[in-house]
Amino acid sequence: ETGVTQTPRHLVMGMTNKKSLKCEQHLGHNAMYWYKQSAKKPLELMFVYSLEERVENNSVPSRFSPECPNSSHLFLHLHTLQPEDSALYLCASSQDPGLDSPLHFGNGTRLTVT
Amino acid sequence: KNQVEQSPQSLIILEGKNCTLQCNYTVSPFSNLRWYKQDTGRGPVSLTIMTFSENTKSNGRYTATLDADTKQSSLHITASQLSDSASYICVVSASTGGFKTIFGAGTRLFVKA
């Protein structure tokens, strides 16, 4: 069982829908991340939380709204998405937000916006 | 501009053969370089981490090299197995404030029987 669990694994939504992605880490880590992975493109960092505080927001459109209620859980709330937002959304955690800690990824949510 | 470029984009090899994947970076100031393996339908998993002073590091059949002068790294896979079929992602971190971790686009490796 992976230390980082993401649900759902697959999601299809219309442009007017509102949905949420969930991530839970069982590793006791202090930092959590959302990444977007599009085909043949590098992973794009979206948000970083350290001890439940958002410490990075990489110019992500407001139709993506993160929430970190505690150090083990991370959500990504989605509303009025565009077809180009279709991608694999990966959650990750690390011991701390420093550069020496490896990222532990979940298996992602495959999002399709119709 | 901080960039990580990987080559080739994709590679097909026969089971049992060796292969080498390349990573060139322009990230500065350099902190560390990691190679991740991403199986289809799964998240990336860290294989190795290399710092400025390290030239080579092995993890089983995987051997990573780093030339900090030329800003190049390679991942060598020995005696490939079908389970090595995956994407291999090079990730370079800069030692500046904030979260300057730059991902390459990955090399897609197919190992055929």
Side-chain angles (χ1 to χ4, degrees), chain A residues 1-10 21 23-25 27 29-50 53-60 74 87-110, chain B residues 1-11 23-54 57 59 64 86-109:
Chain A
E1 179 186 336
T2 178
V4 179
T5 304
Q6 290 187 244
T7 54
R9 289 297 311 275
H10 301 272
L21 310 184
C23 176
E24 183 176 1
Q25 59 101 356
L27 301 169
H29 289 167
N30 294 319
M32 296 188 75
Y33 311 75
W34 279 115
Y35 284 90
K36 176 184 179 182
Q37 187 175 34
S38 303
K40 299 184 180 179
K41 289 186 178 180
L43 269 72
E44 302 171 46
L45 178 63
M46 300 176 72
F47 302 103
V48 181
Y49 277 82
S50 175
E53 275 195 44
R54 191 191 308 182
V55 294
E56 185 86 357
N57 177 349
N58 261 7
S59 302
V60 179
L74 186 65
L88 181 67
Y89 288 84
L90 289 164
C91 174
S93 70
S94 65
Q95 182 60 48
D96 57 60
L99 302 173
D100 293 331
S101 299
L103 294 167
H104 294 258
F105 286 90
N107 287 330
T109 293
R110 173 68 63 185
Chain B
K1 181 181 178 182
N2 290 323
Q3 282 187 315
V4 175
E5 295 186 355
Q6 293 187 242
S7 62
Q9 190 175 74
S10 64
L11 180 63
C23 174
N24 296 341
Y25 62 92
T26 57
V27 179
S28 180
F30 177 85
S31 176
N32 61 63
L33 183 149
R34 292 183 187 274
W35 284 93
Y36 284 82
K37 178 187 179 189
Q38 185 175 18
D39 293 313
T40 300
R42 297 205 173 257
V45 175
S46 179
L47 290 175
T48 65
I49 177 174
M50 302 191 73
T51 57
F52 186 86
S53 59
E54 295 175 302
K57 184 171 284 188
N59 178 0
S87 288
Y88 292 85
I89 302 171
C90 177
V91 184
V92 183
S93 294
S95 56
T96 58
F99 297 90
K100 296 299 182 187
T101 296
I102 314 299
F103 284 74
T107 291
R108 188 74 176 93
L109 175 65

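As the structure is a prediction and not an experimental result, all values here were calculated from the model. Order of the sequence lines sets the chain letters (A, B, ...), proteins ahead of strands, with each chain counted from 1.
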Heavy-atom closest pair, residues B/Arg34 and A/Pro102: NH2-N, 3.2 Å
Find the one option among B/Ser10, B/Gly41, B/Ser46 whose heavy-atom pairs under 4.5 Å with chain A are most numerous. B/Gly41
Given that the side chain runs from C-beta out, which part of A/Leu43 has a heavy atom under 4.5 Å from chain B: side chain, backbone, both or neither? both
Pick one of side chain, backbone, both or neither for A/Gln37, based on which atoms fall under 4.5 Å of a heavy atom in chain B. side chain
Considering all heavy atoms, the nearest A/Phe105-B/Pro44 contact: CD1-O, 3.3 Å
What part of A/Arg9 is in contact with chain B, defined as an atom under 4.5 angstrom from a non-hydrogen atom: side chain, backbone, both or neither? side chain
Side chain / backbone / both / neither for B/Ile102 at chain A, heavy atoms under 4.5 Å: neither
Write down the atom of B/Tyr36, the atom of A/Leu103, and the distance for their closest heavy-atom approach. OH-N, 3.2 Å
Taking everything shown except B/Gln3 itself, do over 12 heavy atoms lie less than 6.0 Å from its CD? yes
Under 4.5 Å heavy-atom distance to chain B, tell me which part of A/Leu88 shows up: side chain, backbone, both or neither. side chain
Please flag which part of B/Gln6 lies under 4.5 Å from any non-hydrogen atom of chain A: side chain, backbone, both or neither. neither
